[in-house]
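First comes the structure, then the notes that go with it.
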Amino acid sequence: MKIAVIAGDGTGPEVTSEALKVLKAASELDGFTYELTDLDWGSERYMKTGEILPEGAVETLQAHDAIYLGAVGHPDVTPGLIEKGLLLTLRFKLDQYINLRPVKLYPGVETPLAGKGPKDIDFVVVRENTEDLYAGIGGFLKKGTPDEVATQTAIYSRKGCERWLRWAFEYTQKRNNPKGKRLTLVAKNNVLTYGHDLVWRTFQEVAGDYPDVEADYNHVDACCMWMVKNPEYYDVIATTNMFGDIITDLGAIIQGGMGVAAGGNINPDQGGTSMYECMGGSAPKYTGQNVINPIAAIGAMAMLLEHTGQPTSGKRVMAAIQHVTGSKMESQAAGKMGFSTTEVGDLVVDAMANESVEA
Ligand code: IPM
Ligand code: MN
């Protein structure tokens with residue numbers, strides 16, 4: 001397996017090395033080999049060279065089976081610049097049209113939702129990742145004058161809807177929830193009567209090919225209420241890019257916060273290159289202190305393994321993570337874990353080899 005590693009800025013390299021420690025242990029236990037390519041892309045390089053992605057960046061990445069991303073963002077660089085120039089650019093250029101965000105409350109992790117536990121908070125968001133308001137279409141008229149007008153256009157293509165929704169149905173089928181397979185489309189078709197009408201019609205059409213999956217629908221505002229009041233209702237959610245951005249942060253906080261949330265930017269097509277990342281930022285104030293929580297980063301590695309031909313390893317890492325959150329860590333907050341960053345990585349590695357921790 002060839003993996004491109006963008007450790008990034010701030011605490012990115014610290015959490016990435018714990019994820020790589022876990023990858024090494026997985027390869028030894030499950031008997032596969034891998035090669036890493038370290039890429040120094042991020043804010044430091046940008047400040048030195050003025051360039052976010054070097055020439056040939058996309059081709060370099062395409063020569064790998066997967067990309068592992070630590071975190072990007074630096075206090076001396078305009079907020080959003082690297083995120084846009086690196087993360088969003090790669091999503092588009094590599095056509096990673098699925099943004100997969102598991103919302104899973106691990107044992108021992110605190111949720112702000114009163115009375116809810118790990119059996120209640122366990123669903124997955126399949127966010128479309130290349131269209132909608134993120135397409136960057138728009139402009140200004142009479143910019144800087146009192147008569148200024150700005151437009152920002154959301155686009156939805158038939159092809160874009162179909163490939164994303166089909167993948168979401170397939171995923172729901174494979175996930176095979178024992179409580180019943182349910183795919184909830186989250187949109188706003190009562191107001192977005194063109195764009196989300198196309199989404200809705202495509203959803204109904206594709207649903208016909210998956211009779212064993214309940215094709216369900218929520219408006220996005222109602223979904224925000226249900227995610228807080230009845231998160232156990234959800235199995236898999238399919239949602240558009242912008243709404244997906246918003247509800248996945250709501251998801252991250254109910255699963256215990258940025259220290260645990262991970263995601264994948266997936267191009268599921270033959271030969272596609274996908275990128276896995278932890279959701280927390282580069283946390284500059286904790287850099288170099290060995291206090292940041294690596295669980296999200298290790299979770300991103302579990303996802304990489306699961307989707308890059310090593311599902312047994314992926315499951316093994318997920319089981320080890322849950323053993324460590326459930327029986328070792330005191331908190332998921334930086335500096336309050338009861339362990340250092342490197343110790344948490346070691347605990348996960350130990351749990352992976354422990355036969356009583358079942359994958
Ligand atoms: C996410 C992030 C990105 C997004 C930002 C960093 C551009 O919030 O992955 O959810 O808006 O998609
Ligand atoms: Mn987001």
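Ligands are counted one by one from 1 in listed order, and the atoms in each one are counted from 1 as well. From a predicted model like this one, the values you see are computed outputs, not experimental measurements.
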**OP:** Applying salt bridge (Lys or Arg N to Asp or Glu O under 4.0 Å), run through Asp235 and Lys179 and close with a yes or a no.
**Re:** CA-CA 9 Å; Asp235 177 15; Lys179 290 189 290 184; over 6 Å; no

Original post:
Run the salt bridge (Lys or Arg N to Asp or Glu O under 4.0 Å) check on Glu44 and Lys48 step by step: do they pass?
Top reply: CA-CA 6 Å; Glu44 301 284 346; Lys48 264 187 259 147; 5.9 Å; no

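No side-chain donor from either of Asp76 and Ser43 sits under 3.5 Å from a side-chain acceptor of the other.
Checked against the 6.0 Å centroid threshold, Tyr194 and His196 do not count as a close aromatic pair.
Put simply, the side chain of Tyr217 gets close to the backbone of Asn189: a donor and an acceptor are under 3.5 Å apart.
The aromatic rings of His307 and Trp167 are tilted relative to each other, their planes meeting at an angle between 30° and 60°. Relative ring orientation between Tyr34 and Phe32 is described as tilted, the plane-to-plane angle lying within the 30° to 60° band.
For the Mn ion (ligand 2), the nearby protein N/O/S atoms, meaning those under 2.8 Å, are Asp245 OD1.
Relative to the ring axis of Phe123, Arg182 does not place its NZ or CZ within 45° and under 6.0 Å from the centre.
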Check ligand 1 for N or O atoms under 3.5 Å from a protein N or O and list each pair with its distance.
residue: ligand 1; atom: 8 (O); partner: Asp245; partner atom: OD1; Å: 3.2
residue: ligand 1; atom: 9 (O); partner: Arg91; partner atom: NH2; Å: 2.6
residue: ligand 1; atom: 10 (O); partner: Arg127; partner atom: NH1; Å: 3.2
residue: ligand 1; atom: 10 (O); partner: Asp245; partner atom: OD1; Å: 3.0
residue: ligand 1; atom: 11 (O); partner: Tyr134; partner atom: OH; Å: 2.6
residue: ligand 1; atom: 11 (O); partner: Asp245; partner atom: OD1; Å: 3.4
residue: ligand 1; atom: 12 (O); partner: Arg91; partner atom: NH1; Å: 2.7
residue: ligand 1; atom: 12 (O); partner: Arg127; partner atom: NH1; Å: 3.4
residue: ligand 1; atom: 12 (O); partner: Arg127; partner atom: NH2; Å: 2.8

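Ion pair Lys104/Asp122 flagged as a salt bridge, since at least one NZ, NE, NH1 or NH2 atom sits closer than 4.0 Å to an Asp/Glu carboxylate oxygen.
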